[in-house]
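Residue numbers begin at 1 in each chain, while the letters A, B, ... track the order of the sequences.
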2 protein chains.
Amino acid sequence: MATATKIDRRTEIRQTARKMFKERGYAATSMRDLAREVGIEAASLYNHLSSKEELLHEMCFDMAEQFFQAFSVAVADEKSPAKKLRAAIKAHIHVIASNLDGSTVFFHEWIFLQDPELARFKKLRSQYEQGFRDIVQKGVADKDFKEVNVKLAVFTILSALNATYDLYKSSEKLSEEEIAESMSNLLLKGLKK
Amino acid sequence: MATATKIDRRTEIRQTARKMFKERGYAATSMRDLAREVGIEAASLYNHLSSKEELLHEMCFDMAEQFFQAFSVAVADEKSPAKKLRAAIKAHIHVIASNLDGSTVFFHEWIFLQDPELARFKKLRSQYEQGFRDIVQKGVADKDFKEVNVKLAVFTILSALNATYDLYKSSEKLSEEEIAESMSNLLLKGLKK
DNA sequence: ACCTTTACCTAACGAACGTTAGTAAACAAT
DNA sequence: ATTGTTTACTAACGTTCGTTAGGTAAAGGT
């Protein structure tokens, strides 16, 4: 059982760390805070991890991978830019909804990464955004979308999507599908009749 | 000149603090870091402020006031919900563009406020959001807007707007007016032709 | 039965934290 | 000329930080 126990503790520590980094932020969460929450001494944490920053690093890059994975699967099935965009939006929201703590850390705490990884992280982010821009660009080229500023449009879309983790802590009972549907409609068809 | 010098230092400290809280976050900015940037000793800061948290507190509530002020001025001039919304969007973006450091702190660092002020801050935020919801609600009632989920629509709009501070550090030469115009169009008329 | 590994502990490291006390110099007001 | 205020300093306070060293007891494999 040694291995199984270890994996459980490992997972528990990472889960707890995600929740605490989300709630108080990376810089304001101490290893002693984390240890207390897990129920062991701070020094004992180091049997399961090599540094505080490693925790953050893992969270950020794990989420990045999930976003990439979900995007490429979602987009592959669709033909038109509009459908691709809707699918990408839905996939993005799904990843957030399935990883509320992790995605919050991903969006807010990546600034505390140190520079070889920080640069790699930024590059991944911009690649991901490029995927959205390619879809919108194609839509404009096809005369299916208006002649918008593509960068700004994608910025607007992703900014709205990236805030959706906030929706799940309110008392409103909105499902993932409702959120994705409403946001897609608003962004594609607008508020005006 | 004693008074003038004091005001200058006071202002300089607060300006520098805004910039540093924005760049590294409140928790990761130490009073010694701040003092070094200003060019004095950490202890000397306390001639110009009473605590680190006071700095954050001032920044957050000063920005809140600016958002409220700009909103009410902008909305007062307009009649239709669509025009009110466009004006509110423009005003909101203007406040951000005129206070890039302060607004970033306002959006990201308010979690570090302590509880009497934290609660007050949250209430102010939700009042501000209600202003937007009232406009959209009116638009729906007037059959000028689609029958959207009002809370979700405003959430989407404000999430997009609140991220715009990010646009000014990119190399793109987008003016405030372009940003406000493009975002308003996208949110009101949508991406699809 | 012995040896290794795992998972925790206590103790401690040097560094950094926010903040206070006490003081000296510069300047303004009387 | 004197007094009081402002702005800075050095020194230090008690606390907390991330992390390491070294030890112990139990479990697992051979």
Residues that A/I157 engages under side chain to side chain contact (heavy atoms under 4.5 Å, CB included), provided they are two or more places apart
A/L85, A/I89, A/L161, A/L187, B/L191
Non-neighbouring partners of A/D144 that pass side chain to side chain contact (heavy atoms under 4.5 Å, CB included), sequence neighbours left out
A/P81, A/A82, A/D142, B/K192
Could you note down all residue pairs passing side chain to side chain donor-acceptor pair (under 3.5 Å) where residues 119-131 of chain A supplies at least one of them, sequence neighbours left out?
A/H92-A/Y128, A/Q130-A/R133, A/Q130-A/D134
Residue list, salt bridge (Lys or Arg N to Asp or Glu O under 4.0 Å) with A/R32, at least two apart or on another chain
none
How would you list all residue pairs meeting ring pair (Phe, Tyr, Trp, His ring centres under 6.0 Å) that involve residues 25-47 of chain A, not counting sequence neighbours?
A/F21-A/Y26, A/Y26-A/F112
Rounded to whole angstrom units, what separation is found between the CG atom of A/D8 and the C1' atom of C/dC8?
16 Å
Tell me which pairs pass salt bridge (charged side-chain N to carboxylate O under 4.0 Å, His left out) where either residue lies in residues 60-79 of chain B, with sequence neighbours left out.
none
For nucleotides 11-14 of chain C, give me every protein contact, N/O to N/O, under 3.5 Å, one pair per line with atom names.
none

Spacing between A/Y46 atom OH and D/dC17 atom C1', to the nearest angstrom
9 Å
Can you check whether A/R9 has a side-chain N or O nearer than 4.0 Å to OP1 or OP2 of C/dT6?
no
Residue set satisfying salt bridge (Lys or Arg N to Asp or Glu O under 4.0 Å) with B/K19, at least two apart, ordered chain then number -> none
May I have the distance from A/E41 (atom CD) to D/dA21 (atom P), rounded to whole angstrom?
19 Å
Axis bend over the full length of the helix from C/dC2-D/dG29 to C/dT30-D/dA1, computed from five pairs that close each end, to 10 degrees:
10°
What integer distance in Å separates A/E54:CD from D/dG18:P?
15 Å
What residues from residues 16-29 of chain A pass a heavy-atom cutoff of under 4.0 Å to DNA chain D?
A/T29
B/H48 has an atom NE2; how far is it from atom C1' of D/dT6, in whole Å?
8 Å
For residues 38-58 of chain A, which residue pairs pass the salt bridge (charged side-chain N to carboxylate O under 4.0 Å, His left out) check, not counting sequence neighbours?
A/R14-A/E54, A/R14-A/E58
Could you check which of D/dC9, D/dA8, C/dT10 has an atom nearest any side-chain atom of B/N47?
D/dA8
Using a 4.0 Å heavy-atom cut-off, does A/S30 contact any base of the nucleic acid, only the sugar-phosphate backbone, or nothing at all?
sugar-phosphate
Plane angle bin for B/F106 and B/F67 - parallel if under 30°, tilted between 30 and 60°, otherwise perpendicular:
tilted
Rounded distance in Å - CZ (B/R36) to P (C/dC17):
8 Å
Strictly by salt bridge (charged side-chain N to carboxylate O under 4.0 Å, His left out), give each pair with a member in residues 95-118 of chain A just once, sequence neighbours left out.
A/K22-A/D101
Atom CD of A/E12 and atom P of C/dA7: how far apart are they, to the nearest Å?
12 Å
Taking the side chain of B/M31 as its heavy atoms from C-beta onward, which of D/dA8, D/dT19, C/dT19 lies nearest to it?
C/dT19
